[in-house]
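Here the structure is a predicted model, which means the values were calculated and not measured. Numbering starts at 1 and runs along the sequence shown. Side chains are part of it too, since the values below use all heavy atoms of this structure and drop only hydrogens, waters and symmetry mates.
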Amino acid sequence: MANRKTTNIEVRKNNRNSIYRYIRKADVTSNPNISYDLKISLPTVTQNTKELIEKGLVKEEGKLKSTGGKRAAALCAAADFKLAVGLDITRNHISLVLVDLKGTVLKSDRIFLPYEHRREYYEQVNRLLEQFVDISGADRERMLGIGISIPGIVNLDRKEISNSRVLHVDELPFQLISSFFSYPCYFLNDANAGAYAEGLHQENAKRFFYLSLSSTVGGAIYEEGELVQGKEFRCGEVGHMTIVLDGALCYCGKKGCLDAYCSADRLSDMADGSLEGFFQQLEEGKEEMVQAWDTYTSYLAVALDNISMVLDCDIIIGGYVGGYMEYHMEDLNRKLFEKNIFGKREPFIRPCIFKFEAAALGAALSVIEDFVDQI
């Protein structure tokens, strides 16, 4: 069967999208620069940027310095042309993030609000979200929608939260949640959302595994700009892989899950619920915290080694604990090198870029990217 030929309409759309993405990534650029770098003719680039300016997506900001001829118009993305909110729903709180078309975080907030599958809960979340938008001063007419991050199996085919043991819900329709909000809603698993934020902000991010160490443990595979979902949208759910046979009881009902040994709660519970407090005491050398951290990273190293052996790719450590990992990588790498007898003795793990509210950010970015794909 012959390959389908690309139509002229598709070529024009692809050109326009590539040009817009180029401008969005650059602080400031020009038609000649775009033409040269994207290998698209200057007349085609000029026509497309003119259309993007007319739509309000791109704006002219004066002229660039002359390189010997006529000064080219300075072009940049109108970042505030559209906005999106990311909402991360967890067992104990919600996080809110407002982003523009360039993915810049304009405002963020975290609010204590234990989850309940009740109308009153969703109505309260909506009120808090609307207050958040009010305080930010955002123009509601520019709002594309809400990206909603949830811990659990987010089934995009069935359009439901198929299972969230931590929130105690099953087969929860997207539509039910969406009905409480005034904007279009987009849904992601929390670890997938964190991975998405990392992948979009890394140069040449071909493939990596994202390990989310928050109140629950999750994971996601990011490959070639996309999230790998799996047949039942469970791909990456390493929090419930067994690392200790007949070990500690996990909230899911199984024994020995990674989540039972490496959730952020294992550390924060030692410091009156404050993860920051735990790491502060760890830095101070408090013996109890040092021993707990040694135990924690020993189990973590087992999981990281297993993931590496199966996937053979870089691993980014994210989630709440990932936000504190930057200064603790040497010890973790040492434990990994002791186990990784087949690989090169080069680090394959690294701390996350987004140390706080990564899931909310990734959820918001999914809304932005959906819009940009249509340009």
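One finds the CD1 atom of Ile40 at 9.0 Å from the CD1 atom of Ile34 (value rounded to the nearest 0.5 Å). Atom CD1 of Ile317 sits about 11.5 Å away from atom OG of Ser212, to the nearest 0.5 Å. A distance of 11.5 Å separates CD1 in Ile315 from CZ in Phe208, rounded to the nearest 0.5 Å. Between Leu172 atom CG and Asn163 atom CG the span is 11.0 Å, to the nearest 0.5 Å. Atom CG of Asn306 is separated from atom CE of Met241 by 5.0 Å, given to the nearest 0.5 angstrom. Note that CG of Leu211 is 6.5 Å distant from CG of Leu258, once rounded to the nearest 0.5 Å.
The main-chain N or O of Pro151 is found under 3.5 Å from a side-chain atom of Ser164 such that the two form a donor-acceptor pair. Listed for the Thr104 side chain is no donor-acceptor partner under 3.5 Å among the backbone atoms of Asp100. Of the possible polar contacts, none joining the Tyr122 side chain to the Leu176 backbone as a donor-acceptor pair under 3.5 Å is found. Panel note: side chain Lys335, backbone Asp294; a donor-acceptor pair is recorded below 3.5 Å. The backbone N or O of Gln374 lies less than 3.5 Å from no partner atom in the side chain of Asn17, so there is not a single donor-acceptor pair.
The nearest pair of heavy atoms linking Val105 to Leu361 is CG2-CD1, 3.8 Å. Considering all non-hydrogen atoms of both residues, Ala264 and Ser215 come closest at CB-N, 4.1 Å. Shortest non-hydrogen contact noted between Gly145 and Tyr186 is CA-CE1, 4.5 Å.
No side-chain N or O of Arg12 forms a donor-acceptor pair with one of Asn8 less than 3.5 Å apart. Judged purely by distance below 3.5 Å, without hydrogens or angles, the side chains of Gln229 and Asn189 never pair a donor atom with an acceptor atom. With hydrogens and angles left out, the side-chain atoms of Ser274 and Glu276 include no donor and acceptor closer than 3.5 Å. A side-chain N or O of Glu51 and one of Gln47 form a donor-acceptor pair less than 3.5 Å apart. A donor atom on one side chain and an acceptor atom on the other are not found under 3.5 Å apart for Glu357 and Ser108.
You'll find the side chain of Ile150 stays beyond 4.5 Å of the side chain of Val169, heavy atoms only. Between Glu326 and Lys355, some side-chain heavy-atom pair lies under the 4.5 Å cut-off.
Among Thr49, Asn48, Leu101, the one residue that satisfies the side chain to side chain contact (heavy atoms under 4.5 Å, CB included) test with Tyr20 is Leu101. When each of His240, Arg165, Arg91 is checked for a side-chain hydrogen bond (donor to acceptor under 3.5 Å, both in side chains) with Tyr251, only His240 meets the rule.
Few gaps surround CD on Glu224; more than 12 heavy atoms of other groups in view lie less than 6.0 Å from it. Atom CG of Asp272 sits in a sparse spot, with 12 or fewer heavy atoms from other residues, nucleotides or ligands closer than 6.0 Å. Other residues, nucleotides and ligands contribute over 12 non-hydrogen atoms within 6.0 Å of the NZ atom of Lys102. No more than 12 heavy atoms of other residues, nucleotides or ligands sit less than 6.0 Å from atom CD of Glu141. The 12-atom threshold is exceeded at CD of Glu120, counting heavy atoms of other residues, nucleotides or ligands nearer than 6.0 Å. Heavy-atom contacts from other residues, nucleotides or ligands closer than 6.0 Å to OH of Tyr327 number 12 or fewer. More than 12 heavy atoms of other residues, nucleotides or ligands sit less than 6.0 Å from atom CZ of Arg350. For NZ of Lys254, the number of neighbouring non-hydrogen atoms (other residues, nucleotides, ligands) closer than 6.0 Å is greater than 12.
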- Any chance you could lay out the side chain to side chain contact (heavy atoms under 4.5 Å, CB included) test for Ile349 and Asn333, step after step, and finish with the verdict? CA-CA 8 Å; Ile349 60 171; Asn333 271 312; 3.5 Å; yes
- side chain to side chain contact (heavy atoms under 4.5 Å, CB included) between Ile146 and Val367, intermediate numbers included: CA-CA 7 Å; Ile146 309 168; Val367 180; over 6 Å; no
- Task: Would you please test Leu249 and Lys255 for side chain to side chain contact (heavy atoms under 4.5 Å, CB included) and show each step?
- Result: CA-CA 4 Å; Leu249 182 66; Lys255 290 184 177 181; 4.2 Å; yes
- I would like to know whether Glu287 and Gln291 meet side-chain hydrogen bond (donor to acceptor under 3.5 Å, both in side chains); could you show each step before the answer? CA-CA 6 Å; Glu287 184 176 352; Gln291 291 178 355; 3.1 Å; yes
- Query: Does the salt bridge (Lys or Arg N to Asp or Glu O under 4.0 Å) test come out yes or no for Arg21 and Asp373, once each step is laid out?
  - Reply: CA-CA 9 Å; Arg21 287 183 178 277; Asp373 282 343; 2.6 Å; yes
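Judged by the 6.0 Å distance and 45° axis criteria, Arg110 is positioned over the aromatic ring of Tyr320.
In this structure, Phe174 and Phe187 have parallel ring planes: the angle between them is below the 30° cut-off, well short of the 60° mark.
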